[in-house]
Amino acid sequence: MGIIEEVESILEYGEICDHCLGRFYGKRSFGLTNDERGRALRITCEVSANRPHQEPDPVACWVCGGELSRIDDWAEKVVGALSGIEFETFLIGTRVPPLVAESEEMVWSDLGLHDPEPLKAEMNREVGKAVSALIGKDADLKNPDVVAILDLGEGAVEVQVNPVFFAGRYLKYERGIPQTHWDCRACRGAGCERCNYTGKQYPDSVEELIGRPAIEVFEAKNAILHGAGREDIDARMLGSGRPFVMEIEAPRKRSMDLAVLEEKINRDAAGRVAVQIEGWADRKMVQSIKSDKGHKKYRILVEIDGSVTPDEFRAALDQLKGATIRQRTPTRVSHRRADKVRERRVIDIGCTGSVDGRYWVEVVGEAGLYIKELVSGDSGRTRPSLAQILGRTARVVSLDVVQVETANEFGE
């Protein structure tokens with residue numbers, strides 16, 4: 001069947017606008033809009049059949065239901081929906097009712113058409129061009145600040161605001177603060193008497209102490225902390241701090257002086273958490289920070305049951321230096337982590353002093369090395385351990401993370 005015969009068959013289905021007629025051959029030529037292509041095809045058929053020209057009624061189009069005649073109206077709706085949201089780039093998406101999609105696909109199938117352009121592609125492009133003309137901003141197909149979705153079935157515009165990210169390092173000065181928000185174990189976040197109806201297991205977290213000021217200044221929906229590992233709730237994070245990326249969800253403001261934000265976070269969380277913001281980030285940096293397996297350095301205070309001389313203590317530590325440790329998932333976290341045996345290496349370990357019969361120890365270990373169990377042995381689940389080597393009960397009294405870096409920065 002030739003193209004003229006195909007077009008005649010399409011016209012027999014019922015009233016169709018030039019946009020939709022042109023879309024059925026949207027990939028067959030260049031330099032024309034679908035509207036222009038459809039008009040040219042219609043006139044060609046009319047001339048070929050010696051029929052008078054008849055303008056179609058765009059509103060009565062059985063394919064798009066007149067939506068392609070309302071491009072300017074949709075553009076105005078998008079501009080209204082985006083009002084009050086700061087953005088530089090945008091993207092238009094379209095949600096097409098199933099019946100409309102089936103209608104055009106039926107024609108494609110019946111006539112064996114191979115080069116059509118779907119309705120949603122036409123709506124995205126044409127409304128995008130109209131919005132760009134109204135607001136003077138560009139569409140971005142890969143990484144837009146906002147996405148406006150045209151819901152043809154509801155006649156409404158849904159706005160999705162893409163997140164912004166910033167990166168830095170945080171210090172945690174106060175013990176008893178988890179890294180991220182924990183739902184109350186009793187009510188699972190619903191709110192109950194046990195959690196004072198907050199829905200939270202702990203009153204605060206590093207994520208919230210950094211996130212609350214950020215949510216305020218970005219006028220955002222939420223803030224999610226992505227850290228390079230995590231410290232125990234009873235451990236401090238000192239030294240140079242732990243690398244993190246903060247994801248700000250649905251921000252109404254995007255441009256921000258990060259130095260001002262850093263000052264506000266540090267002021268609001270004074271004495272508990274501090275940050276040094278290093279710059280803007282993106283989704284790739286989140287993936288990178290999550291996959292980073294850099295070594296960690298810890299400062300711990302160790303208590304031994306019974307008398308141990310400094311020389312005996314240092315000799316025991318020497319046996320752990322450079323050793324590969326086999327650790328079965330610790331008892332204290334076995335309820336939330338898979339029960340398996342992991343091998344991690346002690347890069348360096350040494351005694352730096354003592355106080356009241358307890359010893360200060362600095363440890364550099366591979367990512368994932370459980371430090372408390374390295375000392376206590378966890379009833380034999382960690383081997384070798386300091387307790388095993390000494391033949392005495394040993395425990396960590398206090399633990400601080402003092403450095404989170406790559407292996408090379410520890411001289412490896």
Side-chain angles (χ1 to χ4, degrees), residues 161 163-238 241-253 256 260-277 286 289-290 298 300-301 329-339 370-373 376 378 395-401 404:
V161 183
V164 294
F165 303 83
F166 62 86
R169 288 174 174 265
Y170 75 78
L171 299 167
K172 187 179 86 174
Y173 301 121
E174 182 179 314
R175 303 187 194 278
I177 302 176
Q179 185 187 70
T180 55
H181 165 90
W182 285 24
D183 283 343
C184 170
R185 294 193 185 100
C187 66
R188 297 184 179 181
C192 65
E193 187 174 353
R194 181 173 175 179
C195 65
N196 198 26
Y197 300 97
T198 64
K200 300 195 295 184
Q201 185 69 24
Y202 300 97
D204 261 324
S205 64
V206 175
E207 180 178 65
E208 292 165 295
L209 290 168
I210 299 174
R212 277 196 297 264
I215 290 171
E216 179 183 339
V217 299
F218 283 102
E219 296 183 13
K221 178 181 178 181
N222 193 25
I224 301 172
L225 180 74
H226 304 280
R230 61 174 62 227
E231 67 280 344
D232 288 341
I233 188 171
D234 60 349
R236 296 183 297 178
M237 180 66 241
L238 304 177
R242 185 180 297 277
F244 74 90
V245 173
M246 182 64 82
E247 177 179 356
I248 307 299
E249 292 186 324
R252 296 186 69 84
K253 293 183 178 179
M256 188 63 53
V260 173
L261 175 60
E262 177 184 300
E263 182 181 353
K264 178 172 176 55
I265 293 170
N266 291 339
R267 181 174 62 250
D268 289 0
R272 309 184 74 193
V273 166
V275 299
Q276 179 181 352
I277 298 178
V286 173
I289 206 167
K290 288 293 188 182
Y298 306 86
I300 59 178
L301 184 60
T329 301
T331 305
R332 62 189 172 90
V333 298
S334 60
H335 64 285
R336 66 177 189 269
R337 295 188 183 174
D339 188 9
Y370 291 106
I371 301 300
K372 292 176 181 177
E373 287 68 28
S376 72
D378 195 20
R395 69 187 66 86
V396 172
V397 177
S398 68
L399 182 150
D400 295 324
V401 186
V404 181

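Residue numbers start at 1 and run along the sequence shown. Note that the structure is predicted; figures quoted are calculated from it, not measured.
- In terms of heavy-atom proximity, Gln179 sits nearest to Gly229 at NE2-O, 2.9 Å.
- To the nearest 0.5 Å, atoms CD1 (Ile248) and CE (Met246) are separated by 6.0 Å.
- Within a 6.0 Å radius of NZ in Lys221, no more than 12 heavy atoms belonging to other residues, nucleotides or ligands are found.
- With values rounded to the nearest 0.5 angstrom, Ile210 atom CD1 is found 11.0 Å from Glu208 atom CD.
- For the ring pair (Phe, Tyr, Trp, His ring centres under 6.0 Å) test, residues two or more places apart in sequence or in another chain that qualify with Tyr202 are Trp182.
- Closest heavy-atom contact between Ile289 and Ala228: CG1-CB, 3.7 Å.
- Electrostatic pairing of Asp400 and Arg236 counts as a salt bridge here, judged by a charged N lying under 4.0 Å from a carboxylate O.
- Taking the side chain as every heavy atom from C-beta outward, Val333 and Tyr370 approach each other to under 4.5 Å.
- At distances below 3.5 Å, not a single donor-acceptor pair connects side-chain atoms of Arg185 with backbone N or O atoms of Gln201.
- Asp268 places no side-chain N or O within 3.5 Å of a backbone atom of Leu209 that could act as its donor or acceptor partner.
- Annotation: ring-ring contact (aromatic ring centres under 6.0 Å, His included) contacts involving residues 214-236, sequence neighbours excluded, are absent.
- Residue Leu399 comes nearest to Arg175 through the heavy atom pair O-NH1, 2.8 Å, listed as atom of the first residue, atom of the second, then distance.
- Glu247 meets the salt bridge (Lys or Arg N to Asp or Glu O under 4.0 Å) test with Arg283; sequence neighbours excluded.
- Of all heavy-atom pairs between Asp204 and Arg272, the closest is OD2-NH1, 3.0 Å.
- Considering only heavy atoms from C-beta on, Pro243 comes within 4.5 Å of Val404 through its side chain.
- Listed by chain and residue number, Arg252, Lys253 satisfy the side-chain contact (heavy atoms from CB on, under 4.5 Å) test with Glu219 (two or more places apart in sequence, or in another chain).
- Distance check: Glu262 CD to Ile265 CD1 gives 7.5 Å after rounding to the nearest 0.5 Å.
- Arg230 places a side-chain heavy atom less than 4.5 Å from the side chain of Thr180.
- Between Tyr173 and Gly271, the shortest heavy-atom contact is CB-O, 3.6 Å.
- For the pair Gly211 and Ala223, the tightest heavy-atom approach, listed with the atom from each and the gap, is CA-CB, 3.8 Å.
- Within 6.0 Å of atom CD in Glu174, more than 12 heavy atoms from other residues, nucleotides or ligands are found, so the atom counts as buried in its surroundings.
- For Glu373, the side-chain hydrogen bond (donor to acceptor under 3.5 Å, both in side chains) partners at least two apart in sequence or on another chain are Arg332.
- The backbone N or O of Leu171 sits nowhere less than 3.5 Å from a side-chain atom of Gln276 that would complete a donor-acceptor pair.
- Separation of atoms CD (Glu207) and NE2 (His181) is listed at 8.0 Å; rounding is to 0.5 Å.
- A search for salt bridge (Lys or Arg N to Asp or Glu O under 4.0 Å) contacts involving Arg194 returns nothing, not counting sequence neighbours.
- Atom CG of Asp234 is separated from atom NZ of Lys372 by 3.5 Å, given to the nearest 0.5 angstrom.
- Between Lys172 atom NZ and Ser205 atom OG the span is 10.0 Å, to the nearest 0.5 Å.
- Using a 4.5 Å heavy-atom threshold, the side chains of Thr198 and Cys184 count as separate.
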